[in-house]
Amino acid sequence: MSRKSFEHIDFNSITNDSSGFSHENFVSGIAPFLKGPYSTMYLSRPWTIRQYAGFSTAEKSNQFYRENLKAGQKGLSVAFDLPTHRGYDSDHKRVSADVGKAGVAIDTVEDMKILFNNIPLDKMSVSMTMNGAVLPIMAFYIVAALEKGVKLNSLTGTIQNDILKEFMVRNTYIYPPKESMRIIGDIFKFTSKNMPKFNPISISGYHMHEAGANAEIELAYTLANGLEYVKKGIEVGLKIDEFAPRLSFFWGIGMNPMQEIAKMRAGRMLWAKIINKFNPKNPKSLMLRAHCQTSGWSLSEKDPYNNISRTYVEAMAAVLGGTQSLHTNSLDEAIALPSKNAARIARNTQLFIQNETNICKSIDALGGSHYLEQLTSDIAKKSWKLIEEVDSQGGMIKAIELGIPKMRIEQAAAKRQANIDSGKEIIIGLNAYESNENRDIDTLVIDNKKVKHSQIKRLNKVKSERNSDEVKKILLKISNSAKSKNGNLLELSIQAAKARATLGEISSALEKEFGRYKATVRTISGVYSNEIMQDQKYIKALSLAKKFESIVGRRPRIMVSKMGQDGHDRGAKVVATSFADIGFDVDIGPLFQTAKEVAKGAVENDVHIIGVSSLAAGHLTLVPELLQELKLLKREDIMIIIGGVIPKKDYDVLFKMGVAAVFGPGTIIAEAAQEIIQIMINGFTKDEF
């Protein structure tokens, strides 16, 4: 399709306020791609089945990948551990509890070569979820391919490389926004020249979705981020058609199927409208191609086999919305890392849809439904207003600095949590139709100490065999390039990877000039209470908080903390917001703290409780460290509670350590507040305060 063939389209009509649906005549394969990016969609080729996976060591992950590929998986999606995301080697003192947890540990190019052992990188599409340490990870992947004899122009796949959303929700950033955008520009330039089949960025709404954003917020802020990346590509000297066709997007899919389908359809139209302003000649520049992942947030720890049905509903929504690839979450991900059996069920869910439903024989099967077309129109208009708000602030980087996107996402999350707690939103097995049966399931356990020992051993071996002087020279070049803005940082990182510089060393060379970003902690108030003020559980929690104040002479005080390198703070922020509305004095510690830093802050703020938020399976290491630090400070009276993704079998272990209460995913916050306050009141009456 030529430029002339889409000049007649009135892109402004997509978001106008006229009656009827201005988009009804749009089709698939032609801008603005309402019904899908390709004219035949799944008739000629179904979506790619991906499973986002990585854990423990490169050897273990490689074995898992190869088994999945034999069983029908079509592409690899790599999950890295948190130290890797944050630019630390496995021997760094801040990451002892996180190595090999929630992803695979990658310290050098040798780890990357093992990760892809016997996997043909010239034939296999590889998606890598990496943002903070994107330069060393890209460099390791490239060098691993080259040393296997694979040419760069044959590599296919995607690097997430979406740093702006990290400052809003996921928080696995390293450097400040402007410096991070410099890195993205250099990756755009290198891949445009050398890797024409590789997507240099996946612009992600998924993590906004998981943090509590509604459909229009997820859509608007993801596209606004995309606009910033387009501007950066043009700023570094690329033409729109040189890189826009290889931009891809990543949506979260929740339990409102029609809304999710409408979101995906509206997103394709709005992206075409945005890109059209840059006068592309290639129609593929206007095309929004998307990977989707079913929601992890919607999964429930209680009655976990319900999660199979939830994932199926969400997977169908992604397919009916026109996704290009899909990851289906496992039933046990609200409890622990996915087990092999649970991952098989999740993967087979996609195989069932592809092979047993005839869904691939339709294009935009629900298109024409009045309800769907109304939703598509409404979401497009609401999202466009939010995009215009960001533009009025001077773009997304400025909006992030002002805290606007983060605030709106946190407000939406608090409102939804209140609706769940009050029963306005029903979650089967959680706040309705609850089962009394014990449904324990086998979970995957990672031996963190064993993984760390293995990684450090290989790390030391690489360092002992390399030319240290050569490594120092190239690391200095990276620092000088970061300072002078001359040279391409990805090219230099590739040289460093070839010399066997480590991920931590490359990251530190950049950090010397860029600095390490520290977010400002902000809280919101009133959103939770406004939604739930008539709920009896909330009223009882308020009453107990007042009772505590009358006994002790001050309000209950809690410090909500995140230890280790896990940046997912949705749960921590929702707890902080709702507890403040219930009657607590709330302190929020900075992200990425050590146990010693948390204990010091708790003592200085004279809190009654430390609330530990854990999502990355580090609780059995971090909680004992915290208890020991409180003991050293002679403040063993400070109560510790913990919430997050914690296997049931760990509860008793934590209680024996001295933890007062454990709250899993889906806990009703007002009920948790009641339990905590009652424990404190009971303790006070025994003269423990």
Side-chain angles (χ1 to χ4, degrees), residues 52-65 78-115 128-134 136-137 140 170-174 336-338 443-464 500-508 511 516 562-568 591-598 612-626 628 644-647 650 653:
Y52 177 56
F55 56 90
S56 183
T57 62
E59 291 92 342
K60 290 283 188 182
S61 294
N62 174 260
Q63 180 183 355
F64 185 77
Y65 293 158
V78 182
F80 298 98
D81 73 354
L82 292 167
T84 302
H85 276 288
R86 295 270 295 143
Y88 295 117
D89 289 333
S90 296
D91 61 355
H92 197 282
K93 62 182 180 180
R94 297 192 74 89
V95 303
S96 61
D98 295 310
V99 177
K101 298 276 193 178
V104 59
I106 299 292
D107 293 318
T108 72
V109 72
E110 295 302 325
D111 291 327
M112 192 69 82
K113 290 173 74 173
I114 294 169
L115 185 68
M128 295 179 286
T129 300
M130 178 53 63
N131 301 280
V134 64
I137 287 298
F140 293 167
R170 190 164 173 258
N171 301 309
T172 57
Y173 44 69
I174 302 176
L337 293 168
T443 55
L444 178 66
V445 177
I446 302 297
D447 187 338
N448 168 248
K449 291 181 179 179
K450 186 176 180 180
V451 175
K452 185 170 63 175
H453 175 76
S454 171
Q455 284 300 120
I456 293 173
K457 184 178 179 181
R458 185 153 60 225
L459 188 60
N460 290 336
K461 184 175 185 294
V462 169
K463 287 182 177 180
S464 68
R500 283 353 188 221
T502 72
L503 176 134
E505 289 170 336
I506 296 171
S507 299
S508 293
E511 188 180 338
R516 186 171 279 267
K562 292 284 295 184
M563 292 187 288
Q565 296 304 305
D566 175 34
H568 291 87
L591 289 169
F592 314 120
Q593 287 190 296
T594 63
K596 185 174 185 177
E597 290 164 343
V598 171
V612 176
S613 175
S614 175
L615 290 176
H619 50 276
L620 294 182
T621 302
L622 293 168
V623 169
E625 290 178 5
L626 179 58
Q628 179 62 28
V645 179
I646 303 163
D650 289 353
V653 179

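Note that these values count all heavy atoms, side chains included, but never hydrogens, waters or copies made by symmetry. Note that the coordinates shown come from a computational prediction; the quantities given were computed from them, not determined experimentally.
Atom-to-atom distance recorded for R516:CZ and I174:CD1 is 5.0 Å, nearest 0.5 angstrom. Here H619 contributes atom NE2 and D650 contributes atom CG; the two are 3.5 Å apart, rounded to the nearest 0.5 Å. We find the CG-OG1 distance between D91 and T502 to be 8.0 Å, quoted to the nearest 0.5 Å. Atom CG of L115 sits about 6.5 Å away from atom CE of M112, to the nearest 0.5 Å. Distance check: S614 OG to K101 NZ gives 9.0 Å after rounding to the nearest 0.5 Å. Rounding to the nearest 0.5 Å places CZ of R86 at 8.0 Å from OG1 of T172.
Atom NZ of K463 sits in a crowded spot, with more than 12 heavy atoms from other residues, nucleotides or ligands closer than 6.0 Å.
The two residues E597 and Q593 come nearest to each other via the heavy atoms OE1-CA, 3.3 Å. Nearest heavy-atom pair, A133 versus S507, reported as atom, atom and distance to 0.1 Å: CB-OG, 4.3 Å. Minimum interatomic distance between F80 and M130 (heavy atoms only, all atoms of both residues): CD1-CE, 3.6 Å. Closest heavy-atom contact between S90 and K452: O-CG, 4.0 Å. I506 approaches A501 most closely through the heavy-atom pair CG1-CB, 4.1 Å.
In this structure the side chain of L622 never reaches within 4.5 angstrom of the side chain of V612, judged on heavy atoms.
In this structure, S464 contributes its side chain and K461 its backbone to a donor-acceptor pair below 3.5 Å. At least one donor-acceptor pair under 3.5 Å links the side chain of K562 to the backbone N or O of H568. Between the side chain of T84 and the main chain of I106, a donor-acceptor pair closer than 3.5 Å is present. Counting only distance, with no hydrogens or angles, the side chain of N460 and the backbone of I456 share a donor-acceptor pair below 3.5 Å.
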Could you go step by step and tell me if D107 and R458 meet the salt bridge (Lys or Arg N to Asp or Glu O under 4.0 Å) rule? CA-CA 9 Å; D107 293 318; R458 185 153 60 225; over 6 Å; no
Set out, in order, the CA-CA distance, both residues' side-chain angles and the distance that settles side chain to side chain contact (heavy atoms under 4.5 Å, CB included) for L503 and I137, then state yes or no. CA-CA 7 Å; L503 176 134; I137 287 298; 3.8 Å; yes
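With sequence neighbours excluded, no residue forms a salt bridge (Lys or Arg N to Asp or Glu O under 4.0 Å) with E625. For Y173, the ring-ring contact (aromatic ring centres under 6.0 Å, His included) criterion is met by F167, Y517, not counting sequence neighbours. T108 pairs by the side chain to side chain donor-acceptor pair (under 3.5 Å) definition with nothing, not counting sequence neighbours.
Cation-pi geometry between R94 and Y88 is not met at under 6.0 angstrom from the ring centre and within 45 degrees of the axis.
Donor-acceptor pairing under 3.5 Å is lacking for the side chains of D81 and Q565.
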